[in-house]
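The block underneath contains the structure these notes are about, expressed in structure tokens.
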Number of protein chains: 2
Amino acid sequence: MTDKLDRRQLKTKQLLREAFVKLIREKGYEGITVSDLTRKANINRGTFYLHYKDVLDLRDHLKAEFHQGLLAIVSHLEPGELFKAASEGKVYDGLVRLYEYFDAQADFFEVMLGPKGDLTFARLLKDTIEERMNEKIAKITTGRKDVLVPPDVLIAYMASAQLGFVLHWLQTGRKQSPRELAQMLTHIMYLGPLKAVGFQAN
Amino acid sequence: MTDKLDRRQLKTKQLLREAFVKLIREKGYEGITVSDLTRKANINRGTFYLHYKDVLDLRDHLKAEFHQGLLAIVSHLEPGELFKAASEGKVYDGLVRLYEYFDAQADFFEVMLGPKGDLTFARLLKDTIEERMNEKIAKITTGRKDVLVPPDVLIAYMASAQLGFVLHWLQTGRKQSPRELAQMLTHIMYLGPLKAVGFQAN
DNA sequence: GTGATTAATGAACACTGTGTCCATTATAAA
DNA sequence: TTTATAATGGACACAGTGTTCATTAATCAC
């Protein structure tokens, strides 16, 4: 994966990566050209093609990087543990770790997932959450008859929800700590959104 | 809004609109050019510019159309009604109407929100849901101290969730009826995702 | 139907960006 | 210091853009 790279190559890739994020922030992801990138990075246009096929290729490499980082964390999450912690009024630690990752990489995620960013990245994250949940939840519900909602539907719901949840946090200045985030998500997951926001049975 | 249009103009716009959806289906949204569109629609390239500024402009006009359609329905939704219906084991009719709209326009939504589609459209829909919820939910929670999760956070969660829910349905062949969809969403909203999928307190 | 109106066409224009060369220069590694 | 190779600058043909304009064709109002 990580071929041993010449310093020069590392530097070039680093410059391109920075130029990419800057350009998204400045003029939005759509319509970034190779010429834009090399101008901003102050490198020769031909040099770009020594590393990437085109702008989409550069984007996909960046996406893959962060995808890996996320996978490493998400693969350890256990919905059963979340439910257990929630029913005992505790916070599931796996969630805290997940939000700590987003917090640490916030600069990148904020731009990339923001209004000017690249939404295919959002899709990738959602799909990742979804796949992992599928593995975990499938085990639990096989053979049961009392499920009110098919697991695949529910997983689609939750995966989108959790991404939207993080996104909102990123785009409103990250006012809560990762632990507070986990606490809130636990409430919503356990009680359901309606009761979590204060609707009361009467 | 709807200026009285020459038949020729209507026809041109119709052709462009069909070409756009076809091209997304065939080669993906990214990288569709004006030349692609006019070739596919069999019209003169110059003609395109008599109607739209560029590809993004065409896209935005299409988005706006469906946005209007959705607004008309979403603006009538009442979370309170949803909670009431849910606690009585009923289905909230507003939701059924919403899903009927997606069902009727499924061809367009499926392509546009699909893997090759335009994700800014997904964002627009999410924002629409979010804004409307904000209006409704804000009334309920003002002055209350017992909310476990701030309304804005919860709304971000729900808006994303509901979009993901519909998206999954569109992309898995629309196996459920709008009423069944509404039923499922009601369960999730009322019980929370964990209990809805079958986790049990013990 | 006829004539006035206006949309669509085809062809040209300068311009920007693409992807690929290649000889030359600069820099890192052994 | 030598050897390897990354980066450069300049060139190339090509595709797409956005605009203009005279010409053709369709529609609308009468």
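Every chain is numbered from 1, with letters handed out A, B, ... down the list of sequences.
Taking all atoms of both residues into account, the shortest heavy-atom contact from A:Ala182 to A:Val91 is CB-CG1, 3.6 Å. Nearest heavy atom pair, residue A:Ser160 against residue B:Gly164, reads OG-CA, 3.0 Å.
Using a 4.0 Å cut-off between charged side-chain N and carboxylate O, B:Glu81 and B:Lys136 make no salt bridge. A salt bridge is defined here as a Lys NZ or Arg NE, NH1 or NH2 lying under 4.0 Å from an Asp or Glu carboxylate O, and B:Glu135 with B:Arg132 meets this definition. Ion pairing between B:Glu18 and B:Lys40 fails under the 4.0 Å rule for side-chain N and carboxylate O. Taking the charged nitrogens against the carboxylate oxygens, B:Lys126 and B:Glu131 have no contact shorter than 4.0 Å, which rules out a salt bridge. Between B:Asp118 and B:Arg123 there is no salt bridge, since no side-chain nitrogen of the basic residue lies less than 4.0 Å from a carboxylate oxygen of the acidic one.
Atom CG of A:Asp127 is surrounded by more than 12 heavy atoms from other residues, nucleotides or ligands within 6.0 Å. By the neighbour-count criterion of 12 heavy atoms within 6.0 Å, atom NE2 of B:His51 is densely surrounded, having more than that number from other residues, nucleotides or ligands.
Rounded to a whole Å, the NZ atom of A:Lys11 is 10 Å from the C1' atom of D:dA7. Across the protein-nucleic acid pair, A:Asn44 atom CG and D:dA7 atom P stand 10 Å apart, rounded to whole Å. Taking atom CG on B:Asp57 and atom P on D:dT17, their separation rounds to 14 Å, with Å as the unit. What separates CZ of B:Arg7 from C1' of D:dA29 is a distance of 13 Å, to the nearest Å.
Residues of residues 18-41 of chain B having a heavy atom closer than 4.0 Å to DNA chain C: none are found.
Judged by a 6.0 Å distance limit and a 45° cone about the ring axis, A:Lys116 is not positioned over the six-membered ring of A:Tyr29.
Evaluation of the salt bridge (charged side-chain N to carboxylate O under 4.0 Å, His left out) rule for A:Lys27 yields A:Asp36 as partners, not counting sequence neighbours.
The shortest distance between the side-chain N/O atoms of A:His51 and the OP1/OP2 oxygens of D:dA6 is not below 4.0 Å.
Under the 6.0 Å cut-off for aromatic ring centres, B:Phe121 and B:Phe108 qualify, their centroids lying closer than that.
Position along DNA chain D of the nearest nucleotide to A:Thr47 versus B:Asp54 favours A:Thr47 as the more 5'-ward residue.
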Output side-chain donor-acceptor pairs under 3.5 Å for residues 96-103 of chain B, partner residues at least two apart or in another chain, one line each.
{"residue": "B:Tyr101", "atom": "OH", "partner": "B:Phe66", "partner atom": "O", "Å": "3.4"}
{"residue": "B:Asp103", "atom": "OD1", "partner": "B:Arg174", "partner atom": "NH1", "Å": "2.9"}

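In DNA chain D, stems built from 3 or more consecutive Watson-Crick or G-U wobble pairs, each with both distances under 3.5 Å, span C:1-12 with D:19-30, C:14-18 with D:13-17, C:20-28 with D:3-11.
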Taking N or O atoms only and anything under 3.5 Å, show me the protein contacts with nucleotides 19-26 of chain D, one pair per line.
{"residue": "D:dA26", "atom": "N3", "partner": "B:Arg8", "partner atom": "NH1", "Å": "3.0"}

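Protein chain A contacts DNA chain C from C:dG17 to C:dA29, reading 5' to 3' and using non-hydrogen atoms of the protein with a distance under 4.0 Å.
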